[in-house]
Structures are given as C-alpha cells and as structure tokens.
S.K.: 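The structure that follows is given in the form of structure tokens.
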Amino acid sequence: MSANSQGIATLLDAEKEASQIVAKAREYRNQRLKDARGEASKEIEQLRAKKDALFREFEEQHSGDSSSSQVEVDKATKASLEQIEASFEANSADVVKKLLERVVQVQPQLHRNLEARS
C-alpha cells in the first residue's frame, strides 16, 4: 500500500503544481490585459490630441477673421451707397422736371367707363 499512497501523493503534488502554474498563467494573462489596455488608452489619447490639433488648424485656416469680413462688407456697402447717391445727384433734376411737366399737363377727360345718361 505504501507504493499506492506514494503514487497518490505524487499525483496530489503534481495537481498542486499544475494549479500553481495555471494560477501564474492567469495572473500573467490578466497583467498583459491591463498593460494592453493602458497602452491602448495612451495611443487613443495621442491620436485624439493629434486629431484635435489638425481640426483646430483646419478651423483656423477656413474660418477667417470676422473683422476682415466686416471690413469687406463695409467697403461694398460704402461703394454701393456712393453709387446710389451719384445716381440720385445725376437724375434728381430730370425727375423733378418730368414730374412738374406731368402735373402741369392735365387734360381733363371723362372716364371711358362712364356712361352718358340722359
């Protein structure tokens, strides 16, 4: 029986050793997962920072300065007003003359829809 119990003890020792190896493998796997998550989060943060910088650069290039846009609008408005005022100055005398001619040239007539009733 001693050989039998020695075989059982050897098997128990082998099982204990195997469970220790499995436990170490699980710990190693868990540690590798934690490391991989940490590395992935670092890479994500680096990529996010890079994309944010690219977006800010794109936004600065395409948004333009609002003061320069306002200056352009003011110039266009001023030019348009000057053109309208010049047209007014050039044509106001003719318009007044034509209006006075029409007011003075009154030719009284009966309306065409008016029916003569006797």
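Numbers here simply count residues along the sequence, with the first being 1.
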S.K.: Any heavy-atom pair between the side chains of Leu12 and Glu15 that's under 4.5 Å?
M.R.: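 A side-chain contact under 4.5 Å exists here.
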S.K.: Tell me whether Glu101 at atom CD has more than 12 heavy atoms from other residues, nucleotides or ligands lying less than 6.0 Å away.
M.R.: yes
S.K.: Return each pair, listed once, that meets side-chain hydrogen bond (donor to acceptor under 3.5 Å, both in side chains) where at least one residue sits in residues 32-41; pairs must be two or more places apart or across chains.
M.R.: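 For residues 32-41: Gln31-Asp35.
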S.K.: Filter on ring pair (Phe, Tyr, Trp, His ring centres under 6.0 Å), then keep only pairs touching residues 89-115, sequence neighbours left out; what's left?
M.R.: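 Every pair satisfying ring pair (Phe, Tyr, Trp, His ring centres under 6.0 Å) with a residue in residues 89-115: there are none.
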S.K.: Step by step, would you call Arg48 with Glu45 a salt bridge (charged side-chain N to carboxylate O under 4.0 Å, His left out)?
M.R.: CA-CA 5 Å; Arg48 180 176 288 136; Glu45 286 301 318; 3.0 Å; yes
S.K.: Look up atom CG in Leu100 and atom CZ in Arg102, then write down how far apart they are to the nearest 0.5 Å.
M.R.: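 It is 12.5 Å, given to the nearest 0.5 Å.
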S.K.: How long is the gap from CZ on Arg29 to CZ on Arg26, to the nearest 0.5 Å?
M.R.: 7.0 Å
S.K.: If I take atom CG from residue Asp52 and atom CD from residue Glu59, how far apart are they, to the nearest 0.5 angstrom?
M.R.: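 Asp52 CG to Glu59 CD: 10.5 Å, rounded to 0.5 Å.
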S.K.: Kindly compute the distance separating CD (Glu82) from OG1 (Thr77), expressed to the nearest 0.5 Å.
M.R.: 11.0 Å
S.K.: I'd like to know if the side chain of Ser80 reaches the main chain of Ala76, judged simply by a donor and an acceptor atom lying under 3.5 Å from each other, with no hydrogens or angles considered.
M.R.: no
S.K.: At what distance, to the nearest 0.5 angstrom, does CG of Leu99 lie from NZ of Lys97?
M.R.: 12.5 Å
